[in-house]
**Student:** 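The structure that follows is given in the form of structure tokens.
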Amino acid sequence: MSDVRKPFPFREFELQWQQRWESEKTFRTPGPGDVAFDPAKPKYYVLDMFPYPSGAGLHVGHPEGYTATDIIGRYKRMTGHNVLHPMGYDSFGLPAEQYAIKTGQHPAITTAANIENFRRQLKSLGFAYDWDREIATTDPEYVRWTQWIFLQIYNSYFCEDSNKARPVSELEAKGWTREQIDEVRLAYVADTPVWWSPDLGTVLANEEVEEWKGKGHTVERRPLRQWMLRITKYAQRLIDELDTLDWPDGIKLLQKNWIGRSEGASVQFQISNFESQIEVFTTRPDTLFGATYMVLAPEHPLVLEITTAGQKDAVEIYQKSIASKSDMDRGDLNKDKSGVFTGAFAVNPVNDVKIPIWIADYVMMGYGTGAIMAVPAHDERDFEFATKFGLEIKEVVAAVCDRRTNPGETSDNRSAAEIAGGNHRPPLQSATCDPGIAINSGFLDGLPTAEAKAKMIHWLESNHLGKRRIQYKLRDWLFSRQRYWGEPFPVVWKDGQHHAISENELPLLAPPLDDYKPSGSPEPILTKATGWVNLPDGSVRETNTMPQWAGSCWYYLRYCDPSNTNRFISHEAEAYWTSDKPGMVDLYVGGTEHAVLHLLYSRFWHKVLYDLGHVTTPEPFQRLVNQGLILGEDGQKMSKSRGNVVNPDDVVREYGADALRLYEMFMGPLEQVKPWQMKGVEGVSRFLARVWRVALEEQQDGSFRISPKIQDIPCTDKELLRVVHETIKKVGEDIDKLSFNTAISQMMICTNAFTQTEIVPLREFTQFLTVLNPFAPHLAEEINARIGGKGMLSEQTWPAYDPAALVRSEIEFIIQVNGKLRDRLMLSKDAGETAAQSAALASAKVKEHTDGKTIRKIVFVPGKLLNIVAN
RNA sequence: GGCGGCUUGGCGGAAUUGGUAGACGCGCUCGACUCAAAAUCGAGUUCCAACGAGUGUGGGUUCGAGUCCCACAGCCGCUACCA
């Protein structure tokens, strides 16, 4: 961009160092089986969320997390660890295919080009990756093992007794039929209503629907035959084992809420004049006496059967209106309750009261049983519905206001005795009433909610009318897509049954196709490749493909042993790179956007592999850190439309890779959301130039020579020595804490000290460069080489600080009167209370504020402060 | 509506177990160098003329609160009829 001469020649040396690191394989990580492998070295596995190689290239959010992990990786290497810090590409997926369609090029071509661009950008930032371990999820060898893992899942079932996945071969041995086994596989085919997007030409997982709708695509509900993964079997383990992980509480909570466990009961309601029963799930079985009507989801299979002739037209019209509205934003529909009476009645099992059965879209087919018992007095939604349609509202729980402050009083100021005496009025609005006391509820009357629930469940179970039940929001994972750019399923169909293909046929790659545009029909694209689909023995290939998540579910495993052709990861590599903790990866850094998708799917796959004995830890990621979003200079989210996007390439060109790395780390705490400021980049760039000038002087001809201030003599400046050792100490501690911004500020202080001193001792300055190296490796290496340093800093050990250099003989004590700062006194660091006290009382400034007052108390904090309390 | 996070100068942000509020950087002001400018180096910079006041607001605990407790407000993110 600008031709202005740079204060330090980063353009000359950054590329040179990058090339040297690459050609010398400085950051190659030896693993088991390697000649250079030393099993005695402690391992450290630090992982980045690998990028999806879009056409837009890296954005500044990528280098944020990547620089953080790079600093940690380089630091751990310097402290004697065998560090695994790899990089790869999540290169399958819908966006790649959309991009290919847009540009008219085959996704294989655009993906290769995008990867190449990402690789160039990553390399231009000097990250210490072991490039020999680079992987892309689209690599045929990678696809092979993705498909292999799918087959492990396909060939497993969830054994309820051992609470883990087991091979289906065990069931075969027990004489189960093929049909019975297909019913329990962890990968199964089901006809379910799914989210179908005509313009994307594929179905989407529940989790993905919002994202694509947000991008302007249409999505509608359709029943289709799809592959599902039985993740719901792992719901409880996915909740429980979160406790073993060092993850931010917010992310754990997000996953817990997503899995959405609730405890309650299922209850059977007999339909009047019908054989059928309707089962409902409720978290409030204690309110059963207050169930005054029932609601079925409009799609509920019993609706047509029970609807009376008189209501048939109304019900059908309503069902159609719901179906046609299905691709509208539900939020708009939610403002008002709607529904239709079926004409049928159910019998409330506790009191034999006949209650009307309605259908309404506020009850969804996908959760619970698709039917509810409505208790309008104690559920907001039911209350709203009952109020609108004039249905009976019966209060069955007396809310206890606040037992600690007003024992015995209820929320509407009536005593429990009044309510028990029947002196109650209908509630003006619904109340959740938990905890509360059961009223108007027969055998439950007078019981607090928790006990009433237990008693009702017991009653239901002994009368065979229902049972205790735990319900999860989590649904099975819709695993198939109709797109071209994904892993084909390693499955063929014959006589209506699916069969796994043999392992030695893997990888099964998609055939070349010229036209992979969405056709508007839900037929998978691969159906067009008839030569590929139809096999000589009359069987046909499965034409669905896997979602993008498949590749990202296990990539961290492949990095450990990326070129293994016999297994997805060798037992040796897995054993070495795993830890004694539940999670395999020591540190995983990435954005929050994957809190419930990738991070949940990965945990699920890992647990299946663990159950089947393929890996030795139950969790993939021990410690997780989320980097905060980087906003534009205007404080808004970066976006093309706002025009506030910062391109890392531009920053590297203008200020250098070290400046970009350092700035992103200096902006603020890693996990915090923070706005970009180009002036801040200039600031750190200026800092780097100051470091440069400590060592190197520019000459008339523009070349640099070693500054005469640099001298290879012992450091006699105690103050300088203290700053250097404080810096060594603080930077190390701050890296451990991931507090990079404060580490950098300490290095700035140290540089200022070097700038202001007359003699810069070579030894101390080199120690400083070693500490700076993980942050600004190009600059540190270059200066070190120019001042005659031997070898590469990247291969040095981290310097130890000298505690003796840190001690100060005198410390500034703070003297307060009534908690207010009145004087500062230089005293010996071990000054006792008596010495400090007499010095303080002698201070004129203190006297000003204590004159005429009586000293009541003196608080002394050794080495810090003295507070005189006087009035 | 629910859940989570955040709130400190003109700006980004520092502040061990409660113990000097504003480290470090940006911006700004002044000075040096220069014919001049840029760059660089040096000094200063929370507000107020001053007394004093001051970490979103109001209370509380404490010798002492940005930090702990209670109540409230505002911004941001996620989620949304989950029975």
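Here is the naming used below: chain letters follow the sequence lines, and residue numbers restart at 1 for every chain.
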**Student:** Counting any heavy atom closer than 4.0 Å, what does A/Arg824 reach on the DNA or RNA strands: base, sugar-phosphate only, or nothing?
**Tutor:** base
**Student:** Need one value for A/Asn867: base, sugar-phosphate or nothing, where a base atom within 4.0 Å counts as base even if backbone is also close, heavy atoms only.
**Tutor:** base
**Student:** Starting at the 5' end of RNA chain B, which residue's closest nucleotide do you reach first, A/Lys737 or A/Gly368?
**Tutor:** A/Lys737
**Student:** Only counting residues at least two apart or in another chain, list the ones meeting side-chain contact (heavy atoms from CB on, under 4.5 Å) with A/Glu810.
**Tutor:** A/Met826
**Student:** Which part of the nucleic acid, if any, lies within contact of A/Gln471, taking any heavy atom under 4.0 Å across all strands shown: a base, the sugar-phosphate backbone alone, or nothing?
**Tutor:** nothing
**Student:** Just grab all the ring pair (Phe, Tyr, Trp, His ring centres under 6.0 Å) pairs involving residues 732-757 of chain A, residues at least two apart or on different chains.
**Tutor:** A/Phe754-A/Phe765, A/Phe754-A/Phe768
**Student:** Within 90° of 0 counts as syn, otherwise anti: where does B/G4 fall?
**Tutor:** anti
**Student:** Would you kindly check whether a donor in the side chain of A/Lys679 faces an acceptor in the base of B/C11, or vice versa, at under 3.5 angstrom?
**Tutor:** no
**Student:** Reading RNA chain B 5' to 3', how would its secondary structure be written in dot-bracket notation, given Watson-Crick and G-U pairs with both distances under 3.5 Å, brackets [ ] for crossing pairs and | for partners on other strands?
**Tutor:** (((((((..(((......[....)))((((((.......))))))((....))..(((((..]....))))))))))))....
**Student:** Evaluate the criterion ring-ring contact (aromatic ring centres under 6.0 Å, His included) for residue pair A/Tyr293 and A/Phe385; output intermediate values, then yes/no.
**Tutor:** CA-CA 10 Å; A/Tyr293 65 101; A/Phe385 192 81; 5.6 Å; yes
**Student:** Go nucleotide by nucleotide along RNA chain B from the 5' end; which of A/Gly683 and A/Ser745 gets its closest nucleotide reached first?
**Tutor:** A/Ser745
**Student:** Have a look at A/Asp382 and say if it touches a base, only the backbone sugar-phosphate, or nothing, with a 4.0 Å heavy-atom cut-off.
**Tutor:** nothing
**Student:** Please work out if A/Glu733 contacts a base, only the sugar-phosphate, or nothing of the nucleic acid, heavy-atom cut-off 4.0 Å.
**Tutor:** nothing
